> 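I'd like to ask some things about the structure below.
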Amino acid sequence: MTLRLFNTLSGQIEPLAPADGQSLRMYACGPTVYDFGHIGNFRTFLEVDVLRRFLLLTGTPVRHVMNITDVDDKIIRNAAAAGIPIGEYTAKFEAAFFEDLDSLKVQRPEVVPHATAHIDQMIELVQKLAAAGAAYKTEDGSWYFRLAAFPSYGKLSKKDLSGMEDGARVDVDEYEKDSARDFALWKAAKPGETAWDTAIGRGRPGWHLECSAMAAKYLGESFDLHAGGEDLMFPHHENEIAQSETANHKPFARHWMHVRFLLVEGRKMSKSEGNFFTLRDLLLKGYRASSIRLALISVPYRHQLNFTFDGLAEATSAIDRLRTFHDRLTKTSFAPGESPALQEAAKKAREEYFNALANDLNTAEARAPIFDLVRAGNTAIDQGQMLAADRDAILAVLSDFDAVFDVLKDDDAEPTRKALVWAEEAGRLDEVAPELRASQSLTDESIDALVAERTAAKKTRDFARADQIRNDLAAKGVVIEDSKDGVRWKRK
RNA sequence: GGCGCGGUACCCAAGUGGUAAGGGAGAGGUCUGCAAAACCUUUAUGCGCCGGUUCGAUCCCGGCCCGCGCCUCCA
């Protein structure tokens with residue numbers, strides 16, 4: 001099955017397959033590690049994760065490279081303000097970033113290169129561009145890319161720069177540029193700033209340079225797919241193309257994927273709007289990592305997603321439905337054999353699921369057949385018609401579903417626990433939701449004991465005591481369910 | 001101004017030239033000591049508005065209204 005994915009470059013949905021027939025080489029722009037990641041950042045990383053997982057599920061190995069931008073203006077400024085070296089400053093936020101990715105179950109790329117570890121490659125690239133007459137040095141020691149050297153500039157974002165007048169918006173710091181649109185390759189060091197002594201002078205890399213250099217090193221000068229948030233299309237990706245194609249004389253990435261920004265409660269997320277959330281903020285409010293994951297990937301990546309607390313609650317309910325069904329399948333014993341109707345239902349669900357994802361990663365459409373199958377399965381179990389082979393067929397479909405969505409396994413406690421540890425260290429325990437605090441105060445053992453006491457009370461028909469225990473636990477976020485096979489409980 | 005996206009039931013959200021997936025929420029019912037879970041029934045004669053093309057449009061075309069994104073370092 002070949003994935004058909006929208007290609008920003010062509011403006012069309014096109015098959016995405018490895019050029020070398022082996023593995024798909026993809027580069028996804030990673031974070032600038034100057035702060036904790038917010039849910040907008042994570043939507044992009046999650047959508048790339050969906051892509052990655054679907055490729056793997058359909059048998060295409062991937063070589064996925066994601067950079068860590070560990071030097072830029074904000075990092076230099078913030079590290080200086082904190083009075084620590086930039087490496088120390090970025091290490092903290094990089095660790096937090098990966099902890100957050102783990103919480104959201106975003107798979108690690110094969111290669112995670114750091115900008116500061118590839119200064120040499122970037123210098124070589126600048127030299128190559130200079131030799132080609134596409135880069136020039138200004139009086140202060142900075143290097144710029146000469147846009148005039150790359151006539152097809154703008155082909156990705158469909159911008160026609162020919163009508164743009166030079167000099168209209170010249171930055172005062174950059175008065176030496178030949179053209180206002182020329183962008184920085186290398187920035188000369190200002191006194192006291194972090195800098196590298198190199199063959200092209202003392203300074204630090206411009207933002208765009210690192211991606212061109214590292215993509216070439218780890219994927220080759222020409223590769224299959226480049227991905228990132230929609231804001232990166234221009235100028236970042238446009239500049240990467242200009243640098244790389246001018247230096248290497250071959251097409252850079254063949255396919256480009258851009259993830260749309262999300263809205264939060266109907267508005268663009270911003271600190272001043274009060275709708276700016278990091279992953280940690282949400283975990284401390286008591287939302288599960290799995291709910292956040294599902295909420296962020298349930299709307300297809302090219303559509304604007306309106307992230308809301310209602311949406312998180314909905315995702316939680318949807319996940320509970322799936323998990324309850326999955327538990328039922330694995331914990332109930334079924335007679336040997338198979339029934340044609342269920343086999344057919346499983347086959348159909350599987351086909352529709354794969355087709356939906358193959359169609360430009362339509363995650364919303366992909367969910368539908370899975371829930372259809374859940375209902376069919378529940379009905380069959382209720383009516384005693386499910387047989388062992390039916391269960392196996394349905395579990396196989398759920399497994400394919402989870403290979404991409406990854407929300408079935410209930411291991412939400414760990415991300416929440418880690419967030420609480422962090423909140424304590426950061427002195428932010430006052431932000432923890434009361435119900436979460438109460439739930440965390442109960443150990444599994446103490447819950448088991450109370451559940452056992454309630455079961456005993458029920459046996460003696462002391463329903464008042466039984467209900468009291470159930471209500472007390474409910475108040476602390478623990479839900480009890482009785483069934484023929486015993487009592488189940490779960491944390492809300 | 002340039003480029004682009006969207007307006008589908010109470011909410012979220014797919015989708016198709018032939019009459020509207022799925023999830024959540026609500027209501028009624030079955031089951032249950034009561035709940036929960038699960039299942040059944042139920043909630044858009046209509047898919048922003050107005051025209052047009054068509055045997056037929058939510059889906060195609062035109063206009064309008066509304067919301068949103070990007071336009072030099074925000075994923």
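Chain letters run A, B, ... following the sequence lines, proteins first, then strands; residues in each count from 1. Remember, predicted model here, so these are calculated numbers, not experimental data.
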> Select one nucleotide: of C3(B), A21(B), G33(B), the one nearest the side-chain heavy atoms of Lys458(A).
G33(B)
> Please find out if less than 6.0 Å separates the ring center of Tyr287(A) from that of Phe309(A).
yes
> Check the distance between A25(B)'s C1' and Asp320(A)'s CG and give it to me in whole angstrom.
15 Å
> Say we look at C65(B) and U72(B): how far apart would their P atoms be, to the nearest angstrom?
27 Å
> Any idea which of C74(B), G33(B), A38(B) is nearest the Arg461(A) side chain?
G33(B)
> Counting side-chain heavy atoms from CB outward, which of C74(B), G24(B), G23(B) is closest to Arg375(A)?
G23(B)
> Does any donor-acceptor pair link the side chain of Glu230(A) with the base of G69(B) at a separation under 3.5 Å?
no
> Look at Arg350(A) together with Asp400(A) and state whether they make a salt bridge at an N to O cut-off of under 4.0 Å.
yes
> For RNA chain B, find the residues of residues 296-311 of chain A with a heavy-atom distance under 4.0 Å and give them by number; none if there aren't any.
Val299(A), Pro300(A), His303(A), Gln304(A)
> When you check the phosphate oxygens OP1 and OP2 of A38(B), does a side-chain N or O of Thr324(A) lie under 4.0 Å from one of them?
no
> With RNA chain B as reference, determine whether Arg488(A) or Arg260(A) sits nearer its 5' end, using the nearest nucleotide of each.
Arg260(A)
> Considering only atom P, compute the distance from A21(B) to U45(B) and round it to an integer number of Å.
14 Å
> Choose from C71(B), G23(B), C68(B) the nucleotide whose nearest atom is closest to any side-chain atom of Lys159(A).
C71(B)
> Could you tell me how far apart Lys490(A) (NZ) and A36(B) (C1') are, to the nearest whole angstrom?
8 Å
> For Ile480(A), which contact category applies under a 4.0 Å heavy-atom criterion: base, sugar-phosphate, or nothing?
base
> Where the side chain of Pro235(A) is concerned, which of C74(B), G22(B), U72(B) is the nearest nucleotide?
U72(B)
> Starting at atom CZ of Phe234(A), determine the distance to atom C1' of C5(B), rounded to an integer number of angstrom.
19 Å
> Considering only NZ, NE, NH1 and NH2 on the basic side and carboxylate oxygens on the acidic side, decide whether Asp406(A) and Arg53(A) come within less than 4.0 Å.
yes
> Hey, what's the ring geometry for Phe54(A) with Phe354(A), parallel, tilted or perpendicular (30° and 60° as the breaks)?
tilted
> Please determine, for A20(B), whether a Watson-Crick or G-U wobble partner exists with both distances under 3.5 Å, and give it or none.
none
> Within the structure shown, what part of the strands sits under 4.0 Å from Ala318(A) by heavy-atom distance: base, sugar-phosphate, or nothing?
sugar-phosphate
> To the nearest Å, how far apart are Leu262(A) CG and C70(B) P?
12 Å
> Taking the C1' atom of each, how far is G6(B) from C49(B), in whole Å?
16 Å
> In whole angstrom, what separates Lys268(A)'s NZ from C74(B)'s C1'?
6 Å
> Tell me if the aromatic rings of Phe36(A) and Phe93(A) count as close, with their centers under 6.0 Å from one another.
yes
> Compute the centroid of each ring, for Phe97(A) and then for Phe45(A), and state whether the two points are separated by less than 6.0 Å.
yes
> When the distance from CD1 of Ile75(A) to C1' of C74(B) is rounded to whole Å, what number comes out?
14 Å
> Which of the following nucleotides, G22(B), A25(B), A38(B), is nearest to the side chain of Phe371(A)?
G22(B)
> For Arg454(A), which of Asp462(A), Asp482(A), Asp472(A) qualifies under side chain to side chain donor-acceptor pair (under 3.5 Å)?
Asp482(A)
> Of the nucleotides C74(B), C40(B), G23(B), which has the atom closest to the Asn41(A) side chain?
C74(B)
> Tell me what Asp482(A) touches on the nucleic acid: a base, only sugar-phosphate, or nothing, going by heavy atoms under 4.0 Å.
base
> Both Arg454(A) and Gly30(A) contact RNA chain B. Taking the nearest nucleotide for each, which residue is further toward the 5' end?
Arg454(A)
> Please state whether the base of A75(B) and the side chain of Arg43(A) form at least one donor-acceptor pair under 3.5 Å?
no
> Is the phosphate of A38(B), meaning OP1 or OP2, less than 4.0 Å from a side-chain N or O of Arg328(A)?
no
> If you look at every strand shown and take non-hydrogen atoms under 4.0 Å, does Asn362(A) touch a base, only sugar-phosphate, or nothing?
sugar-phosphate
> For the side chain of Asp467(A) and the base of G33(B), is some donor closer than 3.5 Å to an acceptor across the two?
yes
> What orientation do Phe150(A) and Tyr153(A) show, parallel under 30°, tilted 30 to 60°, or perpendicular over 60°?
perpendicular
> Relative to Phe307(A), does Arg43(A) satisfy both conditions: NZ or CZ under 6.0 angstrom from the six-membered ring centre, and within 45 degrees of the ring's axis?
no
> Can you tell me the pairing partner of G6(B) across any strand shown, Watson-Crick or G-U wobble, with both distances under 3.5 angstrom?
C66(B)
> Hunt down the Watson-Crick or G-U wobble partner of A44(B), both distances under 3.5 Å, from any strand shown, or write none.
none
> Checking all strands, does Phe463(A) fall into the base, sugar-phosphate, or nothing category for heavy-atom contacts under 4.0 angstrom?
base
> Considering only NZ, NE, NH1 and NH2 on the basic side and carboxylate oxygens on the acidic side, decide whether Arg465(A) and Glu453(A) come within less than 4.0 Å.
yes
> Considering only the C1' atoms, how many Å lie between G24(B) and U19(B), rounded to the nearest integer?
27 Å
> Tell me: CD of Glu365(A) to P of A13(B), nearest whole Å?
16 Å
> Expressed in whole Å, how much space separates the C1' atoms belonging to C55(B) and G23(B)?
37 Å
> Rounding to an integer number of angstrom, what distance separates A14(B) and G7(B) when you compare their P atoms?
8 Å
> For atom P, what is the distance between A37(B) and C66(B), given to the nearest Å?
44 Å
> So which nucleotide does A35(B) pair with, by the Watson-Crick or G-U wobble rule with both distances under 3.5 Å?
none
> Taking atom P in both G22(B) and U41(B), compute the distance separating them and give it to the nearest angstrom.
11 Å
> Between C70(B) atom C1' and Trp256(A) atom CH2, what is the distance in whole Å?
16 Å
> From C-beta outward on Lys187(A), which listed nucleotide comes closest to its side chain: C73(B), A36(B), C12(B)?
C73(B)
> Between C74(B), G23(B), A36(B), which nucleotide has the shortest distance from any of its atoms to the side chain of Lys74(A)?
C74(B)
> Run the salt-bridge test on Asp72(A) and Lys187(A) with the 4.0 Å N-O cut-off and return the result as yes or no.
no
> Would you mind pulling out the nucleotide paired to C60(B), Watson-Crick or G-U wobble, both distances under 3.5 Å?
G52(B)
